[in-house]
Amino acid sequence: MIGRAPDVQHPATEVLAVTNSIDHTHVSTDSLASLLQDLPMVNLSGQGGLMQSVNIRGSARWRVQTLVEGIPIHTERRAGSAAEFLSPSMVGQVKVYPAVASTQVGAGAIGGSIDFTLRTPQSPSLALRYGTNNDYRELLVSGIHEASNISWMVNHQHANNSKDGRANPIEDRFEQQSLVLRKQSGLGGVREALLLYSAANNIAKASADDPSSRFTLYPSNEHALAKVVFNWHNATVYAHNSQLTTHITRPSRQFNALDSTALNTGMHVSNSVATVAAEDWAIHWRTGIDARLGVRVDEREAISAAAPSVLEQRILDAQQWELYGALDTSKRVASGLLAAGARLSATTQSSNLTDNTEQQSNVSAFVGYRYSLSPTWALSGYLSHGYRVPSLTERFYRGITPRGQVLGDPALRSELANNLDVSLHYQGRSYQGASYQGVSSAFYLSVFHHDIKHYIERISVSQSLQQYRNLDRAKISGVNYQLSQRFSVVGLDAEFKLGGQWLTAENNAGEPIADIVPPQHRMSLSVYAGKAEGFVALTHRSASDDRVPGELPTNSVNVLSMGYSYALTPAWQLALNVNNITDTYYVTSRDDLAPYARGQQWVLSTEYHF
């Protein structure tokens, strides 16, 4: 029997503790990173602002693969892809895959992956949001034409510079407009078509830099993304065109403008097979091609933005092709589920500036088993091997960045990673409350070890020059957990959540490596009372004094947030959230240029369904 293939991350999701929803106890008024940062395995990484990126269990930058609706989102920014062109309000679900996922989603996922699924409106609606700290204003209009099954979302966001806990300004202003059109059909050859367009301007890069000495601004950031899914073997064709302009200003000394463009496109087919001959093995296959075309960066240098150019050059002009095939399978064995899979890929990268061409073949694989100890408890083990092909920037870039002059290395070797994950899972029996029906309690505890060979890092050659190089290896170990418990108190439904992680890592010399976040834990209590619900949440981040190039020690910090929402009618809802209630003054990450976090922010939201 042949049928539609399940999600590309199945069946490994049956073994791992994969987070596939958004925690409702916080709200974001800027980036998707802010929306995700309270998930147990996710932390902020690098510098801040709209393009803030994230860290999954100690892996960040190009080691975390971002997807939108299953479409891989590539970038040449060292900070990694933030999918910053998506408004958090337009996201319906997020799936965070916390382990080596090269077999499931490709070469950029040796540290995990994040897949954003957009909302599909079921009725016309209007949503408004206002934030006090940065004069944040947002408008979201959405709807659906039921006869044609075409839905749409139109979004506008505007934010001025915000203030930290001591009322100092943070350069993080931006303005962004987005449009999403989606056509779904159960008939004919086409199952779904999606078009997304996003245009942003005046995006300031939040940084610890004094703007009078160095300031980075992104005057424009445009993205156009499209995909078409056919019924024939789930065939999917996609394209993503991006354009980013970067201005790096060192007042009275130097001005650099970078224009970056790229077209990412590809297609894949996939399906599932379950036959008697296979002895009840569920087999899923997938093959496709992914291309990065016209990846270019042009640089202009002058004394100031208005001054004549003293230098104009193209510092990157490259392309990449990847052809791959993947197979995974699962079967019920004894009192558990056995899952395994493998992926073979061939990648070609070339530079039009240096005539360098690099070709590589890589294999990734995983095997996992989830054993049911009882109707509520399960124990799982997951062993995986993955790879990451160096980015085009790491190989071929030769030019300026906001941190200075950077050189790529065409001879870089692919990173190879081995991951071991052992998890304990608990899912309680059904719970029936006054306003909730579902699982009464859930818990997971994961212990993992991550070993990366040929680890690529940017090394300082001199005070003004850095180069990408392979290190021998890096090892990351850690524990992450999450507990949720539903209960009744004075006739009201309530939910308690607790989650967090501990990480440790070192290179082959026994020295700490970059991107390893301090231990962080979050506790929240939500209460549901018919038309109303409220929550209070406390996040604790421990101090860290590890000495790592490009990073600084950080103090321990506690951040308190709360929120309340009320349904005036079944169609009209109001909400009020307060983030960082106590104006806590702290840096967002260990990055030596990370800004201080935004201070107290009151966010008023309303949504009406027509």
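- Between Ala109 and Gln65, the closest heavy-atom pair is CB-CB, 3.8 Å.
- Side-chain contact check for Ile73 versus Phe116: every heavy-atom pair is 4.5 Å or farther apart.
- In this model, no donor atom of one side chain and acceptor atom of the other lie less than 3.5 Å apart for Asn580 and Gln601.
- For the pair Tyr387 and Val363, the minimum side-chain heavy-atom distance is 4.5 Å or more.
- In terms of heavy atoms, Ile170 sits closest to Tyr596 at CD1-O, 3.2 Å.
- If you check the side chains of Gln243 and Thr245, you find a donor sitting under 3.5 Å from an acceptor.
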Exercise for the section: Output, in order, the C-alpha distance, side-chain angles, deciding distance and verdict of side-chain contact (heavy atoms from CB on, under 4.5 Å) for Tyr218 and Thr216. Expected result: CA-CA 7 Å; Tyr218 304 100; Thr216 300; 4.1 Å; yes
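- Glu76 and Ser260 share no donor-acceptor pair across their side chains, judged by distance under 3.5 Å alone.
- When atom types are taken as modelled, the side chain of Thr287 and the backbone of Tyr324 share a donor-acceptor pair closer than 3.5 angstrom.
- Under a 4.0 Å N-O distance rule, the pair Asp209/Arg214 qualifies as a salt bridge.
- With contacts defined as side-chain heavy-atom distances shorter than 4.5 Å, the pair Ile476/Ile513 qualifies.
- Between Leu407 and Arg398, some side-chain heavy-atom pair lies under the 4.5 Å cut-off.
- Looking at Ser113 and Gln104, their side chains never bring a donor and an acceptor atom within 3.5 Å of each other.
- Counting heavy atoms of neighbouring residues, nucleotides and ligands inside a 6.0 Å radius, atom CH2 of Trp152 exceeds 12 of them.
- Enclosure of atom NZ in Lys183 by more than 12 non-hydrogen atoms of other residues, nucleotides or ligands within 6.0 angstrom is indicated.
- The two residues Val54 and Ile114 make their nearest non-hydrogen contact at CG2-CD1, 3.5 Å.
- Between the side chain of Ser162 and the backbone N or O of Asn133 there is no donor-acceptor pair closer than 3.5 Å.
- Taking every heavy atom of both residues into account, Met90 and Val180 meet most closely at CE-CG2, 3.2 Å.
- Side-chain atoms of Gln122 come within 3.5 Å of backbone atoms of Thr120 as a donor-acceptor pair (strictly under, hydrogens ignored).
- The ring pair (Phe, Tyr, Trp, His ring centres under 6.0 Å) search around His454 returns none, not counting sequence neighbours.
- Checked by atom type, the side-chain pair Ser350/Gln319 shows a donor-acceptor distance below 3.5 Å.
- Neither side chain, Asn160 nor Arg173, offers a donor N or O lying under 3.5 Å from an acceptor on the other.
- In the model, Gln254 has a side-chain atom that pairs as donor or acceptor with a side-chain atom of Asn256 under 3.5 Å.
- In this structure Phe255 satisfies the ring pair (Phe, Tyr, Trp, His ring centres under 6.0 Å) test together with His247, sequence neighbours excluded.
- Counted by atom type alone, Tyr468 and Ser391 present zero donor-acceptor pairs between their side chains at under 3.5 Å.
- Side-chain N/O atoms of Ser212 and Asp210 include a donor and acceptor closer than 3.5 Å.
- In terms of modelled atom types and a separation under 3.5 Å, the side chain of Arg119 and the main chain of Ser89 share a donor-acceptor contact.
- Between Asp115 and Tyr97, the closest side-chain pair of non-hydrogen atoms is not below 4.5 Å.
- Side-chain polar atoms of Tyr130 and Asp135 form a donor-acceptor pair below 3.5 angstrom.
- Salt-bridge check for Arg300 with Asp298: failed, with every basic side-chain N at 4.0 Å or more from each acidic carboxylate O.
- Judged by distance alone, with hydrogens and angles left aside, the side-chain atoms of Glu415 form a donor-acceptor pair with the main-chain N or O of Ile456 at under 3.5 Å.
- Side-chain polar atoms of Glu222 and Tyr197 form a donor-acceptor pair below 3.5 angstrom.
- Side-chain polar atoms of Arg388 and Asn362 form no donor-acceptor pair below 3.5 angstrom.
- Checked against Asp515 for a salt bridge (charged side-chain N to carboxylate O under 4.0 Å, His left out), the options Arg590, Arg61, Arg458 give a single hit: Arg61.
- Between the side chains of Tyr238 and Asp290, at least one donor N or O lies within less than 3.5 Å of an accepting N or O.
- Tyr455 carries Arg63 over the face of its six-membered ring, with the cationic atom under 6.0 Å from the centre and within 45° of the normal.
- Formation of a donor-acceptor pair under 3.5 Å by the Asn201 side chain with backbone atoms of Pro219 is not found in this model.
- Under the 3.5 Å distance criterion, the side-chain polar atoms of His223 are left unmatched by any main-chain donor or acceptor of Ala200.
- Nearest heavy atoms, Pro211 versus Pro251: O-CG, 3.8 Å.
- One finds a salt bridge joining Glu69 and Arg182 here, because a Lys/Arg side-chain nitrogen approaches an Asp/Glu carboxylate oxygen to under 4.0 Å.
- Side-chain atoms of Gln349 and Gln320, non-hydrogen and from C-beta on, do get closer than 4.5 Å to each other.
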